[in-house]
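What follows is a single structure, written as C-alpha cells, with notes after it.
Note on naming: letters A, B, ... go to the chains in the order of the sequence lines (proteins, then strands), and numbering restarts at 1 for each one. Because the structure is predicted, anything quoted here is derived from the model rather than measured.
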Protein chains: 2
Amino acid sequence: MDKLLQGVKIRINDKLFVKDPESSELGKNIIRMSILMINEIGWENFTFKKLGKQIGSNESSIYRYFENKHKLLLYLTSWYWGWMEYHLVLATHSIGNPKVKLLKAIDIITREVIEDTAYLHINEVLLNKIVINEYSKSYLTKEVDAENKEGYFIIYKRMVGRLRDMIKDVNPEYTYPSSLASTILESTLHQHFLKDHFTSITDCNATVTPTQYLTHLVVNTLNQNVNE
Amino acid sequence: MDKLLQGVKIRINDKLFVKDPESSELGKNIIRMSILMINEIGWENFTFKKLGKQIGSNESSIYRYFENKHKLLLYLTSWYWGWMEYHLVLATHSIGNPKVKLLKAIDIITREVIEDTAYLHINEVLLNKIVINEYSKSYLTKEVDAENKEGYFIIYKRMVGRLRDMIKDVNPEYTYPSSLASTILESTLHQHFLKDHFTSITDCNATVTPTQYLTHLVVNTLNQNVNE
DNA sequence: ACTTAGCGATAGTATTACTATTATATTTGC
DNA sequence: GCAAATATAATAGTAATACTATCGCTAAGT
C-alpha cells in the first residue's frame, strides 16, 4: 500500500495558505515541526515564534506561508481528513456488499492510526493525536459560518457525506443517516480522548477499542426495525 | 417546579473560585454578565477587562473572584452540569421502570433548554449555548490530567455515571454502558452545534430534534441482542 | 549582468492576561 | 457613632502574544 500512495497529493483549499507549504523545504519544515510541537506543548502554547526557533527560521518567514495560527490548524486538520478520506475510498470502493463496505469504513475511521511512510514530512500518528485534542477548536469559533462559506471544512463534510451514503445503502429506511455519520466521526475522537484522560466514563481501553464500540452501535442501530 | 427549586444551591468545587461569586452582588454580576458576553462575543474574544467595563467594575476586582479566565469557564460549565444533574435526578428518581427512567433521562439531557427563573443571575438558555460552543475547550488542554485530579470535572463525570447506571438497568448485558452514556452527552452538544452551523451533516433541524435521534439510537442499541 | 523571489533580521504595535500597590468606599463589630 | 476590617476601584506595570512593516542579503532564473 505504501508505494502505491507515494506521490498522491492531498488537495487543500488554497485560501488556507499564503504559499503552498509543499512547494519548498521551509514549507515542509513548518508542517513537520508544527505537528511535533503542537503535539508536544499543545495548541494554546504553540506560537510561530517558537516554531521559527525550532526550525532555525524567522517568525516572519512562517507568516509567508500561513496568514495566522488558526489557518495552520485548519490546514493540518484538513490534510488529516483528506488523508483519511483517501484511505477510506481506497479501502471501500471495490466492496460491493453495503454492510461489508460500511463495516470496513468504520474500521478505517475508528482504528488507531499507524505510520504512513508515503508522506515524509508528516507524522500521521501525531497528527491524529492533534486532531483528537484540537480539531474542535478549529470550528468552535465565532467565525465558523464565514469560514464554512469559504469552504474551509469541505473535506470533513465530504467524509461525513460518504459515510452517510454507506449508511443509507445498508438501511434506506433509517431516519438519521447524517447524524449517525457525524456521530461516528466525532465519537471516535471523543472516545480516544476519554481513554487517555477520563477513563471512568468510557469502556474503551487497551483491549476494548472505539472500533468495537462504534461497530456494535451502528450495526444494532441499523438492523433494528423502527419500533417503540 | 420553579418555586420548588428556589434556594437550591448548585455546589461547585471551591478551588474553582477565589471568592464565592454567589456571596456578593459583584460576584453575581460577574456571573450574569460573563454569560451574556461569552455568548455574544465568544470565549476567545472575552476578557476580564471587557467584562469589568460592562459591569462598571475594575478588572482587578474580578480577579478577586476568579484566578483566571479558564477557571471562570470551569465554574460556569460546572454550574451548568450541576443544574442539569439536579433536573435529571428530580425528574427520574421516582420512576421505577428502568426503560421509562432512561428515556426520561435522555429527554432531560437532550432537550432544548428553557428558562429557569429559580436562578435570577443565570440565564440557562445562554449558558446552554456556551456549553455547546465552549465546553470542550475546558478539557482539551495540556493541564487536563492535573485539573481532573483536582476534581474540576467531577460533576460532569458523575452525570455520565448516573446515565451509565440507568443504561445498565435497562440492559445489564450491554458491553459499553459508559461509552454510550458519554456519547449521549457529547453528541447532544455536537448535534445542536451542527444544526446551527453545519446543516448538511446532521438530520437535526427545526422539526427533528437531537432527542429523537438519540432516543432512537439508544433504544435500538440496547434492545438488540448481541449478534453478527 | 539584472531582476526577482525567498528568506532572515530587526523593530514596532495593540492586546492579553495577568500582578502589585495604593486609595477609597462600605460594612461590621463594639 | 466610630474604629477596624473588608471590599472594591484606580493606577501602573510586566511578559508574552499575534501579528505588521521594512530592509537587506542571497541565490536563482533570464
Side-chain angles (χ1 to χ4, degrees), chain A residues 14-34 37-38 40-76 121 134 137-138 140-143 146-147, chain B residues 14-34 37-38 40-76 121 134 137-138 140-143 146-147:
Chain A
D14 58 16
K15 286 176 203 148
L16 287 180
F17 49 79
V18 183
K19 178 180 171 170
D20 186 356
E22 305 258 307
S23 70
S24 76
E25 272 314 301
L26 176 57
K28 285 180 202 163
N29 271 330
I30 289 172
I31 299 303
R32 183 196 346 255
M33 189 56 77
S34 64
M37 287 184 74
I38 294 166
E40 183 76 21
I41 63 178
W43 178 246
E44 280 72 26
N45 302 313
F46 170 80
T47 70
F48 279 5
K49 194 168 190 174
K50 290 177 189 169
L51 172 61
K53 201 173 178 184
Q54 286 292 319
I55 58 175
S57 276
N58 200 271
E59 189 189 4
S60 59
S61 302
I62 298 161
Y63 280 98
R64 290 224 177 69
Y65 286 82
F66 293 99
E67 218 177 305
N68 53 50
K69 219 180 129 169
H70 179 64
K71 287 201 172 176
L72 171 61
L73 181 60
L74 289 170
Y75 179 92
L76 291 175
H121 62 297
E134 325 287 1
K137 296 171 192 170
S138 77
L140 294 177
T141 68
K142 279 286 163 185
E143 295 78 34
E147 294 187 349
Chain B
D14 59 14
K15 287 177 203 148
L16 288 180
F17 49 79
V18 183
K19 179 181 172 170
D20 186 356
E22 305 259 306
S23 70
S24 75
E25 272 314 302
L26 176 58
K28 285 180 201 162
N29 272 330
I30 290 171
I31 300 303
R32 185 200 341 260
M33 189 56 76
S34 65
M37 286 183 75
I38 294 167
E40 182 76 19
I41 64 178
W43 178 247
E44 280 72 27
N45 302 313
F46 170 81
T47 71
F48 280 4
K49 194 168 191 177
K50 290 177 189 170
L51 172 61
K53 201 174 179 186
Q54 286 292 317
I55 58 175
S57 277
N58 201 271
E59 188 189 3
S60 59
S61 304
I62 298 162
Y63 279 98
R64 291 236 171 61
Y65 286 85
F66 293 99
E67 216 177 305
N68 53 49
K69 217 180 130 170
H70 179 64
K71 288 202 172 175
L72 172 60
L73 181 60
L74 289 170
Y75 179 92
L76 291 176
H121 61 298
E134 325 288 2
K137 296 172 193 170
S138 76
L140 293 177
T141 68
K142 280 285 162 183
E143 296 77 35
E147 294 186 350

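- Residues that satisfy the side chain to side chain donor-acceptor pair (under 3.5 Å) test with B/S24, not counting sequence neighbours, are B/Y65.
- Within 4.0 Å of B/Y63, counting heavy atoms only, lies at least one base atom of the nucleic acid.
- Remark: C1' of C/dT16 and CG of A/N45 are 15 Å apart, rounded to the nearest angstrom.
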Under 3.5 Å, which donor-acceptor pairs link side chains of residues 53-60 of chain B to any protein atom two or more places apart or in another chain?
unit_1: B/N58; atom_1: OD1; unit_2: B/S60; atom_2: N; d: 3.1
unit_1: B/N58; atom_1: OD1; unit_2: B/S60; atom_2: OG; d: 2.9

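- Atom CZ of B/F46 and atom C1' of C/dT15 are 16 Å apart (whole Å).
- With sequence neighbours left out, A/E147 forms a salt bridge (Lys or Arg N to Asp or Glu O under 4.0 Å) with no residue at all.
- For the side chain to side chain donor-acceptor pair (under 3.5 Å) test, no residue two or more places apart in sequence or in another chain qualifies with B/E40.
- Going from atom NZ of B/K69 over to atom P of C/dT16 covers 8 Å, rounded to whole Å.
- Heavy-atom contacts of chain A under 4.0 Å fall on DNA chain D between two terminal nucleotides, which in 5' to 3' order are D/dT17 to D/dA21.
- For A/K53 and C/dT10, the NZ to P distance is 14 Å, given to the nearest whole Å.
- For the pair A/I62 and A/L72, the minimum side-chain heavy-atom distance is 4.5 Å or more.
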Tabulated below should be each protein N or O lying under 3.5 Å from an N or O of nucleotides 5-9 of chain C; please produce it.
unit_1: C/dG6; atom_1: OP1; unit_2: A/K19; atom_2: NZ; d: 3.4
unit_1: C/dC7; atom_1: OP1; unit_2: A/Y65; atom_2: OH; d: 3.2
unit_1: C/dC7; atom_1: OP2; unit_2: A/Y65; atom_2: OH; d: 2.9
unit_1: C/dC7; atom_1: N4; unit_2: A/R64; atom_2: NH2; d: 3.3
unit_1: C/dG8; atom_1: OP1; unit_2: A/S57; atom_2: OG; d: 2.9
unit_1: C/dG8; atom_1: OP2; unit_2: A/S57; atom_2: OG; d: 3.2
unit_1: C/dG8; atom_1: OP2; unit_2: A/S61; atom_2: OG; d: 2.6
unit_1: C/dG8; atom_1: O6; unit_2: A/R64; atom_2: NH2; d: 3.0
unit_1: C/dA9; atom_1: N7; unit_2: A/N58; atom_2: OD1; d: 3.4
unit_1: C/dA9; atom_1: N6; unit_2: A/S60; atom_2: OG; d: 3.3

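- Listed by chain and number, the residues in a side chain to side chain donor-acceptor pair (under 3.5 Å) with A/R32 are A/N29 (sequence neighbours excluded).
- Remark: A/K50 pairs with no residue by the salt bridge (Lys or Arg N to Asp or Glu O under 4.0 Å) rule, at least two apart or across chains.
- Listed by chain and residue number, B/E67 satisfy the salt bridge (Lys or Arg N to Asp or Glu O under 4.0 Å) test with B/K71 (two or more places apart in sequence, or in another chain).
- Atom CG in B/L72 sits roughly 15 Å away from atom C1' in C/dC18 (whole-Å rounding).
- Between the C1' atom of C/dT15 and the CD atom of B/E59 lies a distance of 11 Å, rounded to the nearest Å.
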